[in-house]
There are 2 protein chains.
Amino acid sequence: MGIVRKTKSVKKVIDTFENANQALSVVELVKKYDGEMNKTTVYRILERLEEEGVLHSFTGKDGLKWFAKQEDASKVQSTHPHFQCQECGKSECLSVDVEIPSVPNYSIQKANLILVGACSDCQS
Amino acid sequence: MGIVRKTKSVKKVIDTFENANQALSVVELVKKYDGEMNKTTVYRILERLEEEGVLHSFTGKDGLKWFAKQEDASKVQSTHPHFQCQECGKSECLSVDVEIPSVPNYSIQKANLILVGACSDCQS
DNA sequence: AATATAATGCAACTAAGATGCAATAACAAA
DNA sequence: TTTGTTATTGCATCTTAGTTGCATTATATT
């Protein structure tokens with residue numbers, strides 16, 4: 001169903017994403033809220049926020065689940081890639097558009113595009 | 001490091017990839033070899049074959065690890081995408097090239113590109 | 001204030017993947 | 001072909017991400 005009630009925990013999570021200009025992994029969030037919010041609650045809030053269209057998710061290079069805010073309704077179905085830094089581990093949405101190739105006999109519905117490298121803070 | 005000894009198990013794994021024109025998930029392989037090869041062994045053989053350049057790996061849409069044979073030495077560092085079918089779960093390397101956008105201040109070293117949809121067998 | 005039910009906490013579970021160590025099997029050299 | 005070295009395997013155990021069921025609590029509505 002999605003979010004029906006704006007609980008304290010829900011507000012906290014929304015607030016965290018408002019103030020973070022980057023994607024956050026579930027693992028990271030569970031740690032962040034340790035003591036104030038149950039692990040299961042974090043998972044469920046993220047799930048609902050995604051259904052609501054407030055957040056979107058992707059699978060990181062190491063198989064972990066990440067979430068980031070859904071900036072704009074118009075961008076919802078667009079296939080923007082996510083960048084993940086090998087040095088510091090941070091991840092963020094890239095606003096560039098990646099051309100999804102069309103492949104004969106295949107219908108492509110969505111994409112999980114992870115670009116891996118070094119972010120601006122971690123250049124050597 | 002890499003492979004030093006061609007054991008029966010190693011030969012089996014190589015043979016499986018030779019005869020499979022698709023990517024195989026570790027989970028799938030562990031199941032396939034149940035009874036004849038230990039789970040840990042499967043993980044370690046795949047790891048070594050990847051180091052050797054015989055296989056390459058990627059992270060699937062659900063966070064699982066997949067392997068596929070490294071067709072050609074020249075393609076090693078190329079960024080080909082992987083297709084994953086939502087219906088049957090099968091995955092394979094696509095030979096098309098995806099244009100990796102360059103992002104100012106970011107150095108992109110590699111990519112994990114997963115295209116999700118319906119394969120030729122699963123069109124509705 | 002009373003009520004219906006969405007949301008949370010808790011405990012327990014599942015599944016992927018990793019690790020340490022003793023036993024075994026490749027393979028090079030004798 | 002036997003022997004010795006050591007890479008590889010099996011086994012048990014562990015770690016961690018993510019899920020589930022259920023009783024309790026909190027939110028929003030009347």
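All chains are named by letter (A, B, ...) in the order of the sequence lines, taking the proteins before the strands, and each is independently numbered beginning at 1.
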Rounded off to whole Å, could you give me the [atom1]-to-[atom2] distance for the [X] and [N] pair?
X	N	atom1	atom2	value
E28(A)	dT16(D)	CD	C1'	16 Å
K11(B)	dA26(C)	NZ	P	8 Å
K8(B)	dG10(D)	NZ	C1'	15 Å
K65(A)	dG18(D)	NZ	P	8 Å
E50(A)	dG18(D)	CD	P	13 Å
E51(B)	dA7(D)	CD	P	13 Å
D62(B)	dA17(D)	CG	P	17 Å
I45(A)	dG18(D)	CD1	P	16 Å

Check your understanding: Using the C1' atoms of five pairs at each end, what's the angle between the two axes of the helix from dA1(C)-dT30(D) to dA30(C)-dT1(D), to 10 degrees?
Key ->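 One end's axis against the other's: 30°.
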
Review point. Going by distance alone, is a donor N or O of one side chain under 3.5 Å from an acceptor N or O of the other, for Y33(B) and T41(B)?
Key: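 Their side chains do not contain a donor-acceptor pair, so the 3.5 Å distance test is not met.
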
Exercise for review: Determine which pairs satisfy ring-ring contact (aromatic ring centres under 6.0 Å, His included) with at least one residue from residues 103-124 of chain A, sequence neighbours left out, and list them in order.
Suggested key: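 Counting only pairs at least two positions apart or across chains, the ring-ring contact (aromatic ring centres under 6.0 Å, His included) contacts touching residues 103-124 of chain A are Y106(A)-F83(B).
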
Point to revise | Interface residues of residues 33-44 of chain A with DNA chain D (non-hydrogen, below 4.0 angstrom) | key: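 Only K39(A), T40(A), Y43(A), R44(A) qualify.
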
**Study point:** Pairing residues for K12(A) by the salt bridge (charged side-chain N to carboxylate O under 4.0 Å, His left out) criterion, not counting sequence neighbours
**Key:**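 Partners of K12(A) by the salt bridge (charged side-chain N to carboxylate O under 4.0 Å, His left out) criterion, ordered by chain and then number, come out as E36(A).
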
Practice item. Find out if a path of hydrophobic residues (ILVMFWY) with successive side-chain heavy-atom gaps under 4.5 Å connects L55(A) to I114(A). Key: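 Not linked; separate clusters.
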
Report yes if the side chains of [X] and [Y] come closer than 4.5 Å at any heavy-atom pair, otherwise no.
X	Y	result
K90(B)	Q84(B)	no
V26(B)	W66(B)	no
I45(A)	S9(A)	yes
P101(B)	L94(A)	no

Review point. Phosphate oxygens OP1/OP2 of dT9(D): is one of them under 4.0 Å from a side-chain N or O of T7(B)?
Key: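 Yes, within the criterion.
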
Practice item. Look at R5(A) and dA4(C) and indicate whether a side-chain polar atom (N or O) is within less than 4.0 Å of OP1 or OP2. Key: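 So the side-chain polar atoms of R5(A) never come under 4.0 Å of the phosphate oxygens OP1 or OP2 of dA4(C).
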
Could you pull out the protein-nucleic contacts involving nucleotides 28-30 of chain C (nitrogen or oxygen on both sides, under 3.5 Å)?
none

Practice item. Kindly assign one of parallel, tilted or perpendicular to the pair H80(A) and H56(A), based on the angle between their ring planes and the thresholds 30° and 60°. Key: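 Perpendicular.
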
Practice item. Indicate, with a heavy-atom threshold strictly under 4.0 Å, whether V27(B) touches base, sugar-phosphate, or nothing. Key: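 If one applies the 4.0 Å heavy-atom cut-off, V27(B) turns out to touch the sugar-phosphate alone, with no base involved.
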
Review point. Partners of I100(B) by side chain to side chain contact (heavy atoms under 4.5 Å, CB included), sequence neighbours excluded?
Key: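 Partners of I100(B) under the side chain to side chain contact (heavy atoms under 4.5 Å, CB included) test: L115(A), T79(B), I108(B), A111(B), L113(B).
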
Point to revise | Whether E18(B) side chain and D15(B) backbone form a donor-acceptor pair below 3.5 Å | key: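 The answer is no, because no donor-acceptor pair under 3.5 Å joins these two groups.
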
